Amino acid sequence: MSYLRIAFCMLMLMALHHSGIKAQYAVKTNILYDATTTPNLGFEAGVGKKTTVNIIYGLNAWTFHSDSKGDRKVKHWVLMPEYRWWTCSKFNGHFFGVHAMGGQFNAANASIQVPGFFFSGENLAKGVKDYHYQGAFAGIGATYGYQFNLSRHWNAEAEIGVGYAHAWYDKFPCYECGAKIKSGGANYLGITKLGLSILYIF
């Protein structure tokens with residue numbers, strides 16, 4: 001469903017472009033996020049002289065197996081919309097933004113390095129080494145970034161965001177077996193976005 005929404009937005013902006021309305025837009029992928037085996041697709045559109053809206057969708061659907069560690073997974077999907085303000089002009093130089101995020105996760109037997117801390121509830125990043133967690137999350141944050149012009153149609157982008165997220169989860173004793181131990185919630189504060197992206201600008 002989220003892929004369909006992104007595709008719909010892209011088609012709408014293409015229609016605006018061909019109708020004569022100057023709506024600059026771009027598609028992108030975060031190669032740091034790709035490196036975590038999470039394919040992702042981004043879409044950014046100009047809505048003013050110095051403002052853009054940005055949305056990223058990422059999906060990790062994999063389970064990995066090894067003889068020494070067994071089955072491991074950090075399955076999840078996330079949708080992250082953002083509003084950006086540019087200090088010079090859109091798609092060029094420094095920008096500041098506010099973002100939201102939401103998604104679901106299903107993780108077990110994994111080592112996750114989270115650049116932040118859980119200040120209430122369980123530390124899910126540590127707990128997932130020994131337990132199986134399923135649930136959902138939502139959060140908000142602030143972003144700073146910079147875009148570099150590579151050519152007429154290609155840009156590179158670096159960004160970092162900090163914020164807050166809450167996770168609702170069910171906890172299980174092991175990867176494949178056992179009744180649910182409990183349901184709970186956890187609160188996280190720290191880095192919520194980290195990106196090095198390649199963009200194609202239309």
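None of the values given here were measured: they were computed from a predicted structure.
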Engineer: Could you report the tightest heavy-atom contact between Gly58 and Asn40, atom names first, then the distance?
Structural biologist: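 Looking at all heavy atoms of both residues, the shortest contact is CA-CB, 3.9 Å.
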
Engineer: I need the minimum non-hydrogen distance between Gly102 and Trp77, along with the two atoms involved.
Structural biologist: O-CZ3, 3.7 Å

Engineer: I need the minimum non-hydrogen distance between Val162 and His99, along with the two atoms involved.
Structural biologist: O-CE1, 4.3 Å

Engineer: Minimum heavy-atom separation for Val74 to His76, with atom names?
Structural biologist: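 The answer is O-ND1, 3.0 Å.
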
Engineer: Look up atom OG1 in Thr29 and atom CG in Leu196, then write down how far apart they are to the nearest 0.5 Å.
Structural biologist: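 The OG1 atom of Thr29 sits 10.5 Å away from the CG atom of Leu196.
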
Engineer: I need the Tyr144 OH to Glu159 CD distance, nearest 0.5 Å.
Structural biologist: 11.5 Å

Engineer: Between Arg84 and Glu157, does a salt bridge (Lys or Arg N to Asp or Glu O under 4.0 Å) hold up when you go through it step by step?
Structural biologist: CA-CA 13 Å; Arg84 293 176 169 182; Glu157 174 185 286; 2.8 Å; yes

Engineer: Report yes or no: do Tyr131 and Glu122 form a side-chain donor-acceptor pair below 3.5 Å?
Structural biologist: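 Not at all, the side chains of Tyr131 and Glu122 share no donor-acceptor pair under 3.5 Å.
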
Engineer: Here's a test for you: under side chain to side chain contact (heavy atoms under 4.5 Å, CB included), which of Asn54, Leu41, Ile201, Ile198 qualifies with Lys28?
Structural biologist: Asn54

Engineer: Indicate whether any N or O donor in one side chain lies under 3.5 Å from an N or O acceptor in the other, for Thr63 and Asp71.
Structural biologist: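 The criterion, which ignores hydrogens and geometry beyond distance, is not satisfied for Asp71 and Thr63.
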
Engineer: Test of understanding: clusters of I, L, V, M, F, W, Y form through side-chain heavy atoms closer than 4.5 Å, transitively. Do Ile31 and Trp62 belong to the same one?
Structural biologist: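 No: no chain of side-chain contacts under 4.5 Å links Ile31 to Trp62.
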
Engineer: Out of curiosity, does Phe148 fall in the hydrophobic cluster containing Tyr200 (side-chain heavy atoms, cut-off under 4.5 Å, transitive links)?
Structural biologist: no

Engineer: Any side-chain heavy atom of Ile140 within less than 4.5 Å of one from Val98?
Structural biologist: no

Engineer: Starting from Phe95, can I reach Val27 by hopping between I/L/V/M/F/W/Y residues whose side chains sit under 4.5 Å apart?
Structural biologist: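 No; tracing contacts between hydrophobic side chains, which count when under 4.5 Å, never links both residues.
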
Engineer: Looking only at non-hydrogen atoms, find the nearest pair between Phe118 and Ala125 and report the distance.
Structural biologist: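 Shortest heavy-atom contact: CE1-N, 3.9 Å.
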
Engineer: For a 4.5 angstrom cut-off between non-hydrogen side-chain atoms, does Tyr188 reach Leu124?
Structural biologist: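 Contact flag for Tyr188/Leu124 side chains = no.
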
Engineer: Same cluster or not: are Ile112 and Phe117 linked, directly or through other Ile, Leu, Val, Met, Phe, Trp or Tyr residues, by side-chain heavy atoms under 4.5 angstrom apart?
Structural biologist: no

Engineer: Write down the atom of Ala110, the atom of Lys73, and the distance for their closest heavy-atom approach.
Structural biologist: CB-O, 4.0 Å

Engineer: Mind telling me whether Tyr164 and Phe119 have parallel, tilted or perpendicular rings, with 30° and 60° as the class edges?
Structural biologist: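 Ring orientation, 0 to 90° scale: tilted.
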
Engineer: Mind checking the CZ-CE spacing from Phe137 to Met101? Nearest 0.5 Å is all I need.
Structural biologist: 7.5 Å

Engineer: I'd like to check Asn60 versus Phe105 (side-chain heavy atoms, cut-off strictly below 4.5 Å). Are they in contact?
Structural biologist: no

Engineer: Please work out whether the ring planes of His94 and Tyr146 are parallel, tilted or perpendicular, with thresholds of 30° and 60°.
Structural biologist: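 Geometry flag for Tyr146 against His94: perpendicular rings.
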
Engineer: With the 4.5 Å side-chain cut-off for hydrophobic clustering, are Val128 and Ile181 part of the same group?
Structural biologist: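 Yes; tracing contacts between hydrophobic side chains, which count when under 4.5 Å, links both residues.
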
Engineer: Between Lys129 and Ser111, is there a side-chain heavy-atom distance shorter than 4.5 Å?
Structural biologist: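 Ser111 vs Lys129: side chains touch.
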
Engineer: Roughly how far, to the nearest 0.5 Å, is the CG atom of Asp170 from the CG atom of Asn106?
Structural biologist: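 Reported to 0.5 Å precision, the distance equals 10.5 Å.
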
Engineer: With distance as the sole test, does Lys182 use its side chain to make a donor-acceptor pair with the main-chain N or O of Lys171 at under 3.5 Å?
Structural biologist: no

Engineer: Mind checking the CE-CD1 spacing from Met80 to Ile55? Nearest 0.5 Å is all I need.
Structural biologist: 10.5 Å

Engineer: My understanding is that only one of Trp85, Trp86, Tyr83 makes a side chain to side chain donor-acceptor pair (under 3.5 Å) with Thr52; could you say which?
Structural biologist: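 One option only clears the test, and that one is Trp86.
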
Engineer: Got a second to check how far Phe91's CZ is from Asn155's CG, nearest 0.5 Å?
Structural biologist: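 Answer rounded to 0.5 Å: 8.0 Å.
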
Engineer: Could you check whether the rings of His132 and Phe172 sit parallel, tilted or perpendicular, using 30° and 60° as the cut-offs?
Structural biologist: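 Answer is tilted, since the angle falls between 30° and 60°.
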
